[in-house]
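Reviewing the structure listed below.
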Amino acid sequence: MKNFLRHCIGVLLLCLPGQQLLAQHWLGPASDNYGGTNTLYQQPAQVADSRYRVYVNLAGFDAYMHNNYVRYDNDFSLLGYGLNIVPARDRDHRGRPIFGPQNLLIRTDGRNKFILGGAEIRGPSVMLGTRNERWGLAFTTRIRAGASFEDVSEPIAELIRNLLPKRPNLPAPHYDNQSANANINGMLELAATVGHVVHNDGHNVWKVGVTVKRLVGLYSVHANVKQANHELIADPDVDNYYQYPQLAIHSANIDYGFTNQSAYKSFRPSWLFGSGAAGSGWAADVGVVYEYRPRQFHYVYRGNDRSVDRATNKYKYRLSASLSDIGALRYNNPTFVSQYTIQSKEQRIGKTAFAGSKDVDGFLDKLGQNLGSVAEQKQTAFDVALPTALNLSADYNLDDNIYVNATLVQPFSALTTTGLRMPAVLAVTPRYESRLLTVSVPLSWQGNYHDLTYGLAVRVGPVFMGTDHIPGLFNFGTPKGMNLYGGVSIPIMYRTASNPTACDDPYRRRR
């Protein structure tokens, strides 16, 4: 188990810097009444009066990326690239897919840039109904890793791009008062959810729910660049130096911190509720749901008179609101943590600046030195905010198995926050929903309201898979990325009433 966790954590963290995936909120499963534990991450109150006697999530995955700077332009999709399903005509003489800077369309409009990406594994989890239909319980696990680069002024974005294989014309322009905020984080989460029906008069139903989370910080890097003044010049330390740029930082104010790689490579289960991890913390989700039920449901099962048919969706419309990820992580283990506040003055970073760096730790140490950090400035603690967000949802039953859902996710954290942010999204999702099959077609304005797109999610019994961005998955147009999520579960539902009668209107059994 210990080695398995290490491998999972390593895969997530190593994949992040190169993610080419997009968005983000599991829009299909999140609104599905048969979504099980996957509905609880946006609305914990859904654990009460669920359709399941027992729901066991075996595994789920997700990965995404979104940005407002580059678009993908190639003959094959990013999914094909990732799976190595590429036609022979699009491979070089060594058989490798042809992909490079020429396949990225750059958008320069003077606005600050951002890139948000992440990956997630939803591990073993269970949701339980109780004898009293007013209560529900769940216990969930997941590993989350993410990277965000926000409030990046366009000259800094161009600077990073020009330091890659393309060689700039030198000297490049001098830029003043530039900014950027970069964060990379990985964490393990254990959570418990409880929900309760606080009011039910037969037509008006109110549910509340809360999730308490134990967080273990596994890896973190951040750099908040404020008021940087820089330019690219020729590097005098390299032969034929006009072919190689050197970054001249005339002045910059930078908050810079990181944990070393052993923070996750030496993971121990005892870190979950004890000390020793690089970082740890507590967090919570809280939510409330209102349902309007035009009919009351009454049935007799095995000779017992019951007032609620727990196997049936009963609402005409459902409104919900929640706050997710209220909390923070505290990284304060001096064995793993370094933090600096740097005032850079006339620093030079050229081709040889990172010579001798053998791994990520060596690169980060060299980066701090090149920016002007000194050992005496080192601190061993910093805080990382969670991606706190407001989640609003309205779900309407058009007829029998046909529903339409509207969802708004709005992040609360500021652009300069040390930590990750939830990408904002506004979505409308029509769906067909039954016990064995759900088909959802999300239409969304996502990536902080920068991209109008559409997706598809399908659940067949215990298995589901979907994407919130079909153009990125199948390479329609010039997408900014793509995403894919899926999972498998063991669902044990409540039985449909065998002898139902209605208190006011005739009972209609759901198909």
Side-chain angles (χ1 to χ4, degrees), residues 16 19 21-27 30-31 38-44 62-69 111-120 142 144-152 179-187 189 191 211 213 215 217 220-224 255 281-288 320-329 383-394 405-429 442 444-453 455 468-469 480-481 483 485:
L16 270 174
Q19 279 296 350
L21 309 172
L22 185 139
Q24 62 244 4
H25 297 284
W26 302 54
L27 292 173
S31 59
N38 295 303
T39 66
L40 305 183
Y41 296 102
Q42 287 191 15
Q43 180 47 264
D62 177 35
Y64 67 89
M65 188 280 288
H66 191 70
N67 79 103
N68 66 344
Y69 185 45
R111 297 181 179 180
N112 284 5
K113 307 305 180 185
F114 73 85
I115 179 171
L116 302 170
E120 179 177 321
R142 62 174 169 169
R144 291 192 282 174
S148 64
F149 301 86
E150 298 191 87
D151 196 33
V152 180
S179 64
N181 188 32
N183 292 273
I184 300 175
N185 284 277
M187 67 189 77
E189 173 185 300
T211 298
K213 309 176 184 181
L215 306 172
S220 183
V221 179
H222 68 269
N224 187 6
D255 289 330
W282 294 88
D285 304 338
V286 295
V288 59
S320 71
S322 69
L323 285 175
S324 57
D325 283 324
I326 307 168
L329 278 162
D383 294 321
V384 170
L386 295 182
T388 305
L390 171 67
N391 306 277
L392 301 177
S393 176
N405 179 271
T407 294
L408 171 68
V409 179
Q410 178 60 48
F412 275 171
S413 52
L415 292 176
T416 56
T417 298
T418 298
L420 296 179
R421 292 190 348 120
M422 176 68 75
V425 65
L426 176 63
V428 175
T429 306
S444 57
W445 190 20
Q446 56 181 261
N448 292 333
Y449 314 124
H450 280 82
D451 192 23
L452 285 169
T453 188
D468 297 338
H469 196 275
K480 299 175 184 177
N483 90 310
Y485 56 80

Going by the rule side-chain hydrogen bond (donor to acceptor under 3.5 Å, both in side chains), which residues pair with [X] if we only count those two or more places apart in sequence or in a different chain?
{"X": "Tyr41", "value": "none"}
{"X": "Ser220", "value": "Asn185"}
{"X": "Ser320", "value": "none"}
{"X": "Asp325", "value": "Arg144, Lys213"}

Evaluate the side-chain proximity of [Y] to [X]: yes if any heavy-atom separation is below 4.5 Å, no if none is.
{"X": "Asn38", "Y": "Leu40", "result": "no"}
{"X": "Asp468", "Y": "Tyr485", "result": "yes"}
{"X": "Gln42", "Y": "Thr407", "result": "yes"}
{"X": "Lys113", "Y": "Asn67", "result": "no"}

With rounding to the nearest 0.5 angstrom, report the [atom1] to [atom2] distance, [X] to [Y].
{"X": "Gln446", "Y": "Leu426", "atom1": "CD", "atom2": "CG", "result": "10.5 Å"}
{"X": "Asn183", "Y": "Asn224", "atom1": "CG", "atom2": "CG", "result": "8.0 Å"}
{"X": "Leu215", "Y": "Met187", "atom1": "CG", "atom2": "CE", "result": "6.5 Å"}

- [ ] Might you work through the side-chain hydrogen bond (donor to acceptor under 3.5 Å, both in side chains) test for Ser393 and Asn405, ending with a clear yes or no?
- [x] CA-CA 7 Å; Ser393 176; Asn405 179 271; 3.0 Å; yes

Pairing residues for [X] by the side-chain contact (heavy atoms from CB on, under 4.5 Å) criterion, not counting sequence neighbours:
{"X": "Ala180", "value": "Val152, Ile156, Val225"}
{"X": "Val286", "value": "Val210, Leu323, Ile326"}
{"X": "Ser322", "value": "Gln43, Pro44, Asn391"}

For [X] and [Y], work out which heavy atoms get closest and say how close.
{"X": "Ala191", "Y": "Thr211", "answer": "CB-CG2, 3.7 Å"}
{"X": "Ser324", "Y": "Asp285", "answer": "CA-OD1, 3.3 Å"}
{"X": "Leu329", "Y": "Gly281", "answer": "CD2-N, 3.8 Å"}
{"X": "Asn68", "Y": "Phe114", "answer": "OD1-N, 2.8 Å"}
{"X": "Ala427", "Y": "Ser444", "answer": "CB-CB, 3.7 Å"}
{"X": "Ala328", "Y": "Ala385", "answer": "CB-CA, 4.3 Å"}

Task: Partners passing ring pair (Phe, Tyr, Trp, His ring centres under 6.0 Å) against Trp445 (at least two apart in sequence or in another chain) - done: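 Ring pair (Phe, Tyr, Trp, His ring centres under 6.0 Å) list for Trp445, sorted by chain: Tyr449.
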
Open item on the list: When you compare the side chains of Asn181 and Asp151, does any donor N or O come within less than 3.5 Å of an acceptor on the partner?
Closed with: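 The criterion, which ignores hydrogens and geometry beyond distance, is not satisfied for Asp151 and Asn181.
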
Task: Trp26 and Asp62: side chain donor to acceptor below 3.5 Å - done: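 Their side chains do contain a donor-acceptor pair, which is all the 3.5 Å distance test asks for.
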
